[in-house]
Colleague: 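Please find one structure pasted underneath; my questions will follow.
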Number of protein chains: 2
Amino acid sequence: MSRGKPAPEQLDLSNALMEALPGYKAADGTDARNYGGTVGLPEARALFGELLGVPAAQVVVDSSASLSLMHDVIVYSLLSGVPGHAPWIAQQPITFLCPVPGYDRHFAICEARGIKMINIPMTEQGPDMDLVERLVAADASIKGMWCVPKYSNPGGVVFSDEVVRRLAAMRTAAPDFRLLWDDAYRFHHLGEEKRACASILDACAAAGNPDRAIVFASSSKISWAGSGVAALAASPANIAWWTGHSGIRSIGPDKINQLRHVRLLKDSATVEALMERHRLLLKPKFDAVLAQFERLLGKVDGVSWTRPDGGYFIDLVTPNGMAKRTVALAKEAGITLTPAGAAYPYGRDPDDSHIRIAPSFPSLDEITKAAEGIALALLTAIAE
Amino acid sequence: MSRGKPAPEQLDLSNALMEALPGYKAADGTDARNYGGTVGLPEARALFGELLGVPAAQVVVDSSASLSLMHDVIVYSLLSGVPGHAPWIAQQPITFLCPVPGYDRHFAICEARGIKMINIPMTEQGPDMDLVERLVAADASIKGMWCVPKYSNPGGVVFSDEVVRRLAAMRTAAPDFRLLWDDAYRFHHLGEEKRACASILDACAAAGNPDRAIVFASSSKISWAGSGVAALAASPANIAWWTGHSGIRSIGPDKINQLRHVRLLKDSATVEALMERHRLLLKPKFDAVLAQFERLLGKVDGVSWTRPDGGYFIDLVTPNGMAKRTVALAKEAGITLTPAGAAYPYGRDPDDSHIRIAPSFPSLDEITKAAEGIALALLTAIAE
């Protein structure tokens with residue numbers, strides 16, 4: 001229950017990736033076995049363009065991990081600066097806004113690369129925009145902000161159209177400010193309703209800030225988590241900037257894996273059908289957790305949890321000061337959870353009140369027992 | 001003739017990579033489809049350990065491109081420092097020694113990341129060690145040195161045992177000095193004799209500088225150039241340092257491609273047999289170039305060229321001031337060559353006298369005509 005890993009049954013849905021590859025030529029005649037092609041194969045760019053609602057020319061398809069693309073955007077910005085601006089390392093200190101609770105690996109990149117972080121509370125509409133606007137207008141050291149705009153990790157929040165518009169249009173003291181837009185759960189619905197989120201690239205262009213956002217996506221939780229393909233979508237200026245740097249780092253991405261994925265995922269309709277099969281595997285696991293929480297915690301004061309419409313997590317909110325103790329008690333009962341506080345910069349939840357529940361990987365039977373164990377651990381912590 | 005790309009017939013030798021994968025489980029039971037495993041699969045580490053003569057525990061198997069691993073070693077050193085030392089960016093300026101002629105993509109990384117470069121002439125034994133020792137002892141800004149120790153790009157030089165020993169043992173003013181040891185052509189023999197190069201990791205350990213060298217290798221010119229697997233070998237301290245950083249950048253490499261490669265490449269004997277088939281395809285192409293050069297340039301004063309025992313290149317040495325003109329004249333005749341000067345930092349060959357010939361990709365017939373054209377272009381340049 002500690003990480004958002006797909007279950008083996010979900011990975012089985014893409015076992016066609018193990019089948020023989022009928023050929024190594026891309027649609028434009030490229031021999032996908034050889035060097036070259038910094039931007040990815042044309043058909044892979046077209047596929048992700050369709051999936052993300054972006055022209056293929058504004059999409060780069062690269063390695064297996066979108067996290068690596070985010071990391072490298074930060075590295076290139078630190079060492080060389082974004083287009084037309086000085087390197088961030090020449091403008092120290094550098095600060096990022098971090099909606100919380102959020103994704104621990106985003107925060108780990110900032111911490112490892114010497115970037116200060118400021119917590120931004122999440123609302124049901126997305127980050128607290130009054131606070132965000134006030135901070136970015138006043139502080140030129142704020143160069144970036146992490147966003148998981150849809151089915152956020154771990155709160156399951158979908159940014160409202162108004163939040164997207166304000167993020168795109170807000171005045172930033174830093175002219176080289178960037179939104180790192182991790183669209184990790186775009187197709188990862190849990191409910192019948194498929195919720196949508198406005199296009200940040202369109203909103204930024206409309207607001208006269210076309211280079212503000214860089215969008216990241218991958219097939220990791222669509223096909224195989226460890227060997228998918230990742231994509232970056234951005235303005236033409238940002239794409240040129242990215243490929244200028246990524247072309248120094250590599251002679252080109254693994255185009256054979258891109259061919260395999262284009263043949264598996266084909267188009268939006270095929271991806272949506274595949275995601276529906278994921279949903280049918282995941283939904284009962286989330287329901288099992290929610291049922292146990294309702295049964296054991298439904299009438300406990302100060303305890304709540306999210307009922308997400310998509311994504312990979314449930315956020316269990318405990319009374320203040322009880323998350324760590326609950327995780328420790330659960331561990332004694334044999335249940336491994338993400339460390340309390342992990343969803344916060346530096347691993348510090350100021351209220352010690354959030355526990356990230358990841359129901360995807362264990363079996364349905366294990367999930368039910370684990371959810372019961374977590375609820376009992378929390379009841380024990382409260383009783384203490 | 002411009003880049004060291006394998007020919008389609010060479011890529012065909014590994015078409016077994018297109019066959020169906022019989023399973024996704026690694027030897028230790030790891031589901032290679034899922035997230036995780038920063039260091040690579042155990043069997044992939046064991047394979048590269050055997051190939052490189054290093055314990056598997058000192059090998060990390062990662063993405064498809066060793067160039068990316070080199071780039072990232074420099075990025076992590078710049079932003080965080082090597083183990084026990086301050087970030088290189090806090091010790092500006094940073095300088096690298098660059099044996100010349102050398103690999104243009106190494107030099108491009110330094111240029112893009114703001115690292116100064118100093119040319120080091122190559123001898124038939126490797127870099128001019130008297131000069132190297134004098135420079136590194138006197139200048140603490142010299143934090144690194146590029147080395148292609150075997151069948152160097154483009155000169156085909158194999159570093160002598162004495163050069164390896166001196167590189168490992170020399171006193172450096174910078175305590176955080178690193179040899180970036182790009183073992184790109186370890187198995188890439190052209191002659192009957194398979195030349196060897198001493199182990200830099202052993203030599204560094206013996207000299208009391210165990211953390212000095214980081215070794216890079218890949219299957220790019222063994223299997224498929226664009227979709228192989230890459231490896232990094234180093235001291236235990238450097239491996240811990242590397243995985244600490246790479247684990248921030250990614251949840252793990254593409255382990256499915258590692259499985260495919262372990263099944264294809266198996267062990268040293270299998271790799272050597274495969275490389276012999278590469279050799280039989282490459283040797284006639286190199287011989288064709290050498291024959292044309294001998295025929296047309298054999299008696300021309302001031303013109304020479306290398307006759308490599310391995311690797312991917314021939315270095316054609318013109319009289320001073322004639323390399324650029326020869327490349328331009330060849331281009332007029334329809335022959336694309338690497339720009340003259342590319343084998344030097346900043347693209348500047350101070351003598352304008354080196355042309356890198358890459359015979360691997362074109363067909364044998366094209367090669368013969370191209371080599372003749374290059375020789376005639378050089379004769380024209382001299383006549384002018």
Side-chain angles (χ1 to χ4, degrees), chain A residues 3-8 11-12 14-15 17-24 31-37 63-65 67-68 70-72 75-76 78-80 87 89 105 108-109 111-114 220 223-228 244-258 361, chain B residues 3-8 11-12 14-15 17-24 31-37 63-65 67-68 70-72 75-76 78-80 87 89 105 108-109 111-114 220 223-228 244-258 361:
Chain A
R3 303 291 331 175
K5 284 172 72 167
L11 301 171
D12 286 345
S14 295
N15 275 354
L17 289 171
M18 291 201 296
E19 290 170 10
L21 189 68
Y24 50 74
D31 185 335
R33 303 171 301 177
N34 220 328
Y35 286 123
S63 69
S64 59
L67 188 72
S68 300
M70 300 172 213
H71 175 271
D72 289 355
V75 162
Y76 303 150
L78 282 167
L79 292 175
S80 299
I89 51 165
R105 292 187 190 273
I109 290 175
E111 194 171 354
R113 300 294 156 249
S220 290
S223 62
W224 284 350
S227 52
H245 285 290
S246 69
I248 296 289
R249 187 178 176 273
S250 164
I251 313 177
D254 180 344
K255 299 181 295 301
I256 288 289
N257 200 33
Q258 295 187 13
F361 188 77
Chain B
R3 302 290 333 174
K5 284 172 73 167
L11 301 170
D12 287 344
S14 294
N15 276 353
L17 289 171
M18 291 201 295
E19 290 171 9
L21 190 67
Y24 50 74
D31 185 336
R33 303 170 302 176
N34 221 327
Y35 286 122
S63 68
S64 59
L67 189 71
S68 300
M70 300 172 213
H71 175 271
D72 290 353
V75 162
Y76 303 149
L78 282 167
L79 292 175
S80 300
I89 52 164
R105 291 188 191 272
I109 290 176
E111 195 171 352
R113 301 292 157 248
S220 290
S223 63
W224 284 350
S227 51
H245 286 290
S246 69
I248 296 290
R249 187 178 176 273
S250 164
I251 314 177
D254 181 344
K255 299 181 295 299
I256 288 289
N257 200 33
Q258 294 186 13
F361 188 77

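Everything numeric in this text was worked out from a predicted model, so none of it was measured. Residue numbers start from 1 in every chain, and the chains themselves are labelled A, B, ... in the order their sequence lines are given, proteins ahead of strands.
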Colleague: Of all heavy-atom pairs between A:Tyr35 and B:Ser220, which one has the smallest distance, and what is that distance?
Modeller: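 For A:Tyr35 and B:Ser220, the tightest heavy-atom pair comes out as OH-CB, 3.4 Å.
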Colleague: With respect to chain B, which residue among A:Glu19, A:Lys5, A:Glu111 yields the maximal number of heavy-atom pairs within a distance under 4.5 Å?
Modeller: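 Looking at each of A:Glu19, A:Lys5, A:Glu111 in turn, A:Lys5 comes out on top.
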Colleague: Say you draw a straight line from CZ of A:Arg3 to CD1 of B:Ile251; how long is it, rounded to the nearest 0.5 Å?
Modeller: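 A:Arg3 atom CZ to B:Ile251 atom CD1 measures 6.5 Å (nearest 0.5 Å).
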Colleague: Please classify the contact between B:Ala225 and chain A as side chain, backbone, both or neither, with a heavy-atom cut-off of under 4.5 Å.
Modeller: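 When you check distances to chain A, atoms from both the backbone and side chain of B:Ala225 fall under 4.5 Å.
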Colleague: Are the side chain of A:Asn34 and the backbone of B:Pro8 linked by a donor-acceptor contact shorter than 3.5 Å?
Modeller: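 No, because the side chain of A:Asn34 does not come within donor-acceptor range (under 3.5 Å) of the backbone of B:Pro8.
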Colleague: Would you say the side chain of A:Ser80 lies within less than 4.5 Å of the side chain of B:Arg113, judging by non-hydrogen atoms?
Modeller: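 They are in contact (side-chain heavy atoms under 4.5 Å apart), so the answer is yes.
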Colleague: If you define the side chain from C-beta out and look only at heavy atoms, does anything of A:Trp224 sit under 4.5 Å from B:Asp254?
Modeller: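 In short, these two side chains do not touch, never coming nearer than 4.5 Å.
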Colleague: First locate atom CD1 of A:Ile89, then atom CG of B:Leu79, and finally report the distance between them rounded to the nearest 0.5 Å.
Modeller: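 So the gap between those two atoms works out to 7.0 Å.
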Colleague: Please rank A:Asn15, A:Leu11, A:Ile248 by heavy-atom pairs under 4.5 Å with chain B and give me the top one.
Modeller: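 Option with the greatest count: A:Leu11.
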Colleague: Report which part of A:Ala20 has an atom under 4.5 Å of a heavy atom belonging to chain B: side chain, backbone, both, or neither.
Modeller: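 Both backbone and side chain.
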Colleague: Please round to the nearest 0.5 Å and tell me the distance separating atom CG of B:Leu21 and atom CG of A:Leu21.
Modeller: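 CG of A:Leu21 is found 12.5 Å from CG of B:Leu21.
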Colleague: How close do A:Ile256 and B:Ser227 get, heavy atom to heavy atom, and via which atoms?
Modeller: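 Closest pair (atom of A:Ile256, atom of B:Ser227, distance): CG1-OG, 3.4 Å.
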Colleague: What part of A:Phe361 gets within 4.5 angstrom of chain B, counting heavy atoms only: side chain, backbone, both, or neither?
Modeller: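 Answer is side chain: those atoms of A:Phe361 sit under 4.5 Å from chain B.
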Colleague: Could you give the distance from OG (A:Ser250) to CE (B:Met70), rounded to the nearest 0.5 Å?
Modeller: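 One finds 11.0 Å between OG of A:Ser250 and CE of B:Met70.
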Colleague: Contact part of A:Leu78 toward chain B, heavy-atom cut-off under 4.5 Å: side chain, backbone, both or neither?
Modeller: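 When you check distances to chain B, only side chain atoms of A:Leu78 fall under 4.5 Å.
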Colleague: Looking at A:Val75, A:Asp72, A:Ile109, which hits side-chain contact (heavy atoms from CB on, under 4.5 Å) with B:Arg249?
Modeller: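 With B:Arg249 as partner, side-chain contact (heavy atoms from CB on, under 4.5 Å) holds for just one option, A:Asp72.
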